Structure formats: C-alpha cells, structure tokens
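We're numbering straight along the sequence, starting at 1. This one's a predicted model, so the numbers in the text were calculated from it and none came from an experiment.
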Amino acid sequence: MKYLPLGSTDLTVSECGFGCIPIIRLPKDEAVRVLRHAFDRGITFFDTANAYRDSEEKMGIAFAGIRHKVVIATKSLLRSAEGVTGHVENSLRKLGTDYLDLYQLHQVAQEKDWAEVTGPSGALEAAMAAKAAGKVRHVGVTSHNLEMALKLVRTGLFDTIQFPFNLIEEGAKDELLGAARDAGMAFICMKPFGGGVIDNAAVAFTYLRSHDGIFPIPGFESCAQVDEVLSFYERDNVVTEQDLAIMEQYRHELGKRFCRRCEYCQPCPQGVMITPAMGYPIVASRMSPAVAADFCRKAMETVPLCTECGACIARCPYELPICDILKANYAMYRGHVAGSQGGFAGGKSS
C-alpha cells in the first residue's frame, strides 16, 4: 500500500480508501470487525455521510483509540447553513471525534444546488465556519454531473472533488481528472464498481490503476472483499488484451442507462423495491430466465405498485427514467415467468 498526499491538503492517505455505505447492512460487531481489518491491512482513508444510517456510529466504535491514525471524510446533502451546522455536530457525535478531516457538500449537481449552497445562509458558509472553528480540517464537494463538477473544480473553493469513475463511466478522464490535478485537488473516485454492476474486481481495478492521481473508495462488507482488492495493489498494474476485451464487453452490455444502486431514489411511497427491480436485466444475463425470475420474484412483483408519481426520478442523481426502465424490466420478467417450463405462476399480470 502506498500513502499519498490528498491533493494539496496536509493529509496523507492510503491510495485505496473505503466507502462506508455497505457497512450499514452489517450487524454492529461485524461492521467494526471489517473496518478494523481494513485498517490493519493498511487502509487509512474512510468515506461516509450523515445520511448513511448508522455508518458513522459504527466507524466511531471501530476507530476508538486510533482516531489519529485514520482520515475520515463525511458529507451532507443539506443546502442550508443551519442544516449543515447540525449535520457537522451530529457527525462529530456519532464518530466520537472532535474534528472531521474532510467535510464534503454532497451531490452538487445542478445550478439550483450551487445557488443554494453558495447563497446567503447556505451550506458552504456553514462548512467554512466549521473549518474556522477547527471542527473541519478541509472542505470538499461531490457531484454526479460532469459539467457541474468541472465548474466546482474551477471555483478554487474546495480541496477535493468526488465523482463517479470506472470502466463504464469514463467521463471524468478527458478533462476532469486533469482539471482537478491542475487545481491541486484530490480526485476521490466513487462508484469504482459502477454501483455493483461490475463484478470483476480485478478488471475494475486494472482500469482504475491505469489512471494516476485518483483515490478509489470501494465499498466493502467483508474482510474477504478487503483482501481481494488490496491484493491488486501488491503487484504492478498490467493491462492485457484480455482485460481490454472484458472492459468492452461490460460497456456493450450495460451502456449508459443503468442503475448504480446508490439508493437515493428510496424509499418509494408505493413500496416498489426499486433498486433490485432496476437490476433485473443484469441478474437475468447471469442466470437462466427461470432462475432469474424466481430469484427476483419478491422485488419484481412490487413493480405494478408504481403510480409514476416521479418521486424516485426527482431523487436520482443520474436522472434515469426509472418508471420506464421498471416497466421494461417487468415486461422482461413476465416473459421469463411465462416462458419457464414447470415454473411458478408468479403473481400479478401486467
């Protein structure tokens, strides 16, 4: 494991970090075990958010006694100074610390977001006040919109930019990576596995490691996953023709209109299990139609509950036409149910 400066900050972090969304699915003791294992294996950079349920609380327990040895980044989706001030205090309490190494304004993707965070009594004002008070050491920003991310980098207001980057979502490589480097900003790479749709970890990290100056933050929910990813850093990175072919296969199969499983669309007011239902074609591509339909039955049979209210679309950072995709996926699912021989009757009809 190499340890590198986090942009122009005074922080030095492991070249591979840990995105702490997945630990919300783990019992507390297991989450603490995975976090400590990652630290013992050399990871020192951990990214979370106030919105990630009990992630901060679990991290606080895991890092008690070694707080000074880890770099903690957290974030807030709120746009007001009052809201971010409250979130900073909440994060400090849950993490059991008196300072946050990096505080990020989360998902600044549209002009209205930018206007709100920079306006009077906006979120940026609170973040800078927390920095002046010593509660925050550095201020960063995250986005899922390339045009806005470039604008954020060029403001000179932030120490880091966090943006999706992987072998499918390559938009950052043409300009954003260079712009961040020129600005002395660290590029924190979210969604290194495309939200989970890239299931070949070796190829995913072969791609990422071929780009200098990025800090991937894969999500881990087991010690084995930590060990697998860190094993890639124990050898030189070599991109083979087979690797390139696998990357192209992913691009061909997934295209650009796919769910990254960030779950910002949840909860659905009608009870639709959006995330697993959005991923049905990927599951179906890896199983027989009958097995896929049976495996995903619970989630897929919630799709007819959709009233197309638009709540999920408004929340989606990728602006996906979720209702249309769900309809298409449900039609595929019903076709698989109807075509399975000796299968099950399978719930409601569309």
Engineer: Among Arg154, Arg181, Lys151, whose salt bridge (Lys or Arg N to Asp or Glu O under 4.0 Å) with Glu175 holds?
Structural biologist: Arg154
Engineer: Side chains of Asn50 and Tyr103: is there a donor and an acceptor less than 3.5 Å apart?
Structural biologist: no
Engineer: Do any N or O atoms from the side chain of Tyr207 and from the backbone of Ile168 form a donor-acceptor pair under 3.5 angstrom?
Structural biologist: no
Engineer: Can Arg36 and Ile66 be said to form a side chain to side chain contact (heavy atoms under 4.5 Å, CB included), step by step?
Structural biologist: CA-CA 10 Å; Arg36 287 301 293 253; Ile66 58 168; 3.8 Å; yes
Engineer: Give a yes or no on this: more than 12 heavy atoms of other residues, nucleotides or ligands lie within 6.0 Å of atom CG of Asp29.
Structural biologist: no
Engineer: In Å, rounded to the nearest 0.5 Å, how long is the span from CE of Met273 to SG of Cys268?
Structural biologist: 11.0 Å
Engineer: Compute whether any side-chain donor of one residue and acceptor of the other, for Asp113 and Gln110, lie under 3.5 angstrom apart.
Structural biologist: no
Engineer: Can you classify the ring geometry of His336 versus Tyr280 as parallel (below 30°), tilted (30 to 60°) or perpendicular (above 60°)?
Structural biologist: tilted
Engineer: State whether the side chain of Lys58 and the backbone N or O of Leu26 hold a donor-acceptor pair below 3.5 Å, judged by distance alone.
Structural biologist: yes
Engineer: Answer yes or no: are there more than 12 heavy-atom neighbours, outside Lys94 itself, under 6.0 Å from its atom NZ?
Structural biologist: yes
Engineer: Quick one: are Gln104 and Asp47 in side-chain contact, heavy atoms under 4.5 Å?
Structural biologist: yes
Engineer: Mind listing the closest non-hydrogen atom pair of Phe45 and Ala73 along with its distance?
Structural biologist: CE1-CB, 3.9 Å
Engineer: Same cluster or not: are Leu6 and Val153 linked, directly or through other Ile, Leu, Val, Met, Phe, Trp or Tyr residues, by side-chain heavy atoms under 4.5 angstrom apart?
Structural biologist: no
Engineer: Could you see if Ile61 belongs to whatever hydrophobic cluster contains Ile23? Use Ile, Leu, Val, Met, Phe, Trp, Tyr and a side-chain cutoff under 4.5 Å.
Structural biologist: no
Engineer: State, with a plain yes or no, whether a side-chain heavy atom of Ile21 is found less than 4.5 Å away from one of Ser55.
Structural biologist: no
Engineer: Less than 4.5 Å apart, any side-chain heavy atom of Leu4 and any of Phe215?
Structural biologist: yes
Engineer: Would you name the heavy atoms of Val84 and Ala127 that are closest together and state the gap between them?
Structural biologist: CG1-N, 4.3 Å
Engineer: For Ser210 and Val239, work out which heavy atoms get closest and say how close.
Structural biologist: CB-CG2, 4.2 Å
Engineer: Could you see if Phe46 belongs to whatever hydrophobic cluster contains Tyr233? Use Ile, Leu, Val, Met, Phe, Trp, Tyr and a side-chain cutoff under 4.5 Å.
Structural biologist: yes
Engineer: Closer than 3.5 angstrom, by distance alone: can the side chain of Thr48 be matched with the main-chain N or O of Thr74 as a donor-acceptor pair?
Structural biologist: no
Engineer: I need the Gln249 CD to Asn200 CG distance, nearest 0.5 Å.
Structural biologist: 10.0 Å
Engineer: Tell me, with the steps shown, if Ser91 and Glu56 meet side chain to side chain donor-acceptor pair (under 3.5 Å).
Structural biologist: CA-CA 7 Å; Ser91 292; Glu56 290 180 325; 2.7 Å; yes
Engineer: Checking ring pair (Phe, Tyr, Trp, His ring centres under 6.0 Å) for the pair Phe193/Phe205: CA distance, chi angles, key distance, verdict?
Structural biologist: CA-CA 9 Å; Phe193 297 119; Phe205 272 81; 5.6 Å; yes
Engineer: Between Arg315 (side chain only) and Pro267 (backbone N and O only), is there a donor and an acceptor less than 3.5 Å apart?
Structural biologist: yes
Engineer: Assess whether atom CD of Glu147 is packed by more than 12 heavy atoms of other residues, nucleotides or ligands within 6.0 Å.
Structural biologist: no
Engineer: Show, in sequence, the C-alpha distance, side-chain angles and deciding distance for His138 and Asp101, and conclude whether the side chain to side chain contact (heavy atoms under 4.5 Å, CB included) test is met.
Structural biologist: CA-CA 6 Å; His138 300 282; Asp101 296 291; 5.9 Å; no
Engineer: On the 0 to 90° scale, with breaks at 30° and 60°, tag the His106-Tyr52 ring pair as parallel, tilted or perpendicular.
Structural biologist: perpendicular
Engineer: If every non-hydrogen atom of Ala204 is compared with every non-hydrogen atom of Pro192, which pair is closest and at what distance?
Structural biologist: CB-O, 4.0 Å
Engineer: Of the options Val303, Thr302, Ile322, which is the one that meets Ile274 in a side-chain contact (heavy atoms from CB on, under 4.5 Å)?
Structural biologist: Ile322
Engineer: Mind checking whether Leu177 and Phe163 have side chains closer than 4.5 Å, heavy atoms only?
Structural biologist: no
Engineer: Any side-chain heavy-atom pair from His37 and Asp227 closer than 4.5 angstrom?
Structural biologist: yes
Engineer: To the nearest 0.5 angstrom, please state how far the CG atom of Leu105 sits from the CZ atom of Arg79.
Structural biologist: 7.5 Å
Engineer: Using 4.0 Å as the upper bound for N to carboxylate O, is an ion pair formed by Arg137 and Asp10?
Structural biologist: yes
Engineer: Is Thr44 reaching over with its side chain to a backbone N or O of Val13, donor-acceptor style, under 3.5 angstrom?
Structural biologist: no
Engineer: Are there more than 12 heavy atoms of other residues, nucleotides or ligands under 6.0 Å from atom CZ of Arg53?
Structural biologist: no
Engineer: Kindly confirm or rule out a cation-pi arrangement of Arg67 over Tyr99, judged by NZ or CZ under 6.0 Å from the six-membered ring centre and within 45° of its axis?
Structural biologist: yes
Engineer: Checking Lys75 against His87 for the side chain to side chain contact (heavy atoms under 4.5 Å, CB included) test, could you report, in this order, the C-alpha distance in whole Å, the side-chain angles of both residues, the deciding distance, and whether it holds?
Structural biologist: CA-CA 8 Å; Lys75 54 185 100 72; His87 269 191; over 6 Å; no
Engineer: Inspect the contact between Arg25 and Glu221 and indicate whether a charged nitrogen and a carboxylate oxygen are less than 4.0 angstrom apart.
Structural biologist: yes
Engineer: Report whether Ile217 and Phe18 are members of the same hydrophobic cluster (ILVMFWY, side-chain heavy atoms less than 4.5 Å apart, transitive linking).
Structural biologist: no
Engineer: For the pair Arg209 and Glu15, evaluate salt bridge (charged side-chain N to carboxylate O under 4.0 Å, His left out) and give the outcome as yes or no after the intermediate values.
Structural biologist: CA-CA 10 Å; Arg209 293 182 65 210; Glu15 60 182 328; 5.5 Å; no
Engineer: Between the main-chain N or O of Thr240 and the side-chain N or O of Asp243, is there a donor-acceptor pair closer than 3.5 Å?
Structural biologist: yes
Engineer: Could you tell me if the side chain of Ser121 sits less than 4.5 Å from the side chain of Glu82, heavy atoms only?
Structural biologist: no
Engineer: Taking the basic N atoms (NZ, or NE/NH1/NH2) and the acidic carboxylate oxygens, is any pair closer than 4.0 Å for Glu89 and Lys135?
Structural biologist: yes
Engineer: Return yes when atom CD of Glu234 has more than 12 non-hydrogen atoms of other residues, nucleotides or ligands closer than 6.0 Å, and no otherwise.
Structural biologist: yes
Engineer: Do you reckon Ile161 sits in the same ILVMFWY cluster as Val139, going by side-chain contacts under 4.5 Å, direct or chained?
Structural biologist: yes
Engineer: How long is the span from the NZ atom in Lys2 to the SG atom in Cys16, to the nearest 0.5 Å?
Structural biologist: 13.5 Å
Engineer: To the nearest 0.5 Å, tell me how far Ile72 CD1 sits from Leu92 CG.
Structural biologist: 10.0 Å
Engineer: Using side-chain heavy atoms (C-beta onward) and a distance below 4.5 Å, is Val229 in contact with Gln225?
Structural biologist: no
Engineer: Where the side chain of Tyr333 meets the backbone of Glu301, is there a donor-acceptor pair that is under 3.5 Å apart?
Structural biologist: no
Engineer: Report the C-alpha separation of Phe187 and His211 in whole Å, then their side-chain angles, then the decisive distance to 0.1 Å, and conclude whether the ring pair (Phe, Tyr, Trp, His ring centres under 6.0 Å) test is met.
Structural biologist: CA-CA 11 Å; Phe187 184 94; His211 297 84; 9.7 Å; no
Engineer: One thing to verify: whether Glu57 and Arg93 come together as a salt bridge, which I'm taking to mean a side-chain N less than 4.0 angstrom from a carboxylate O.
Structural biologist: no
Engineer: I want to check something: taking the side chain as every heavy atom from C-beta on, are Glu169 and Met190 in contact at a cut-off of under 4.5 Å?
Structural biologist: no
Engineer: Could you state the interatomic distance from CD1 (Ile198) to NZ (Lys191), rounded to the nearest 0.5 Å?
Structural biologist: 12.0 Å
Engineer: Could you go step by step and tell me if Leu102 and Val71 meet the side chain to side chain contact (heavy atoms under 4.5 Å, CB included) rule?
Structural biologist: CA-CA 8 Å; Leu102 176 64; Val71 172; 5.6 Å; no
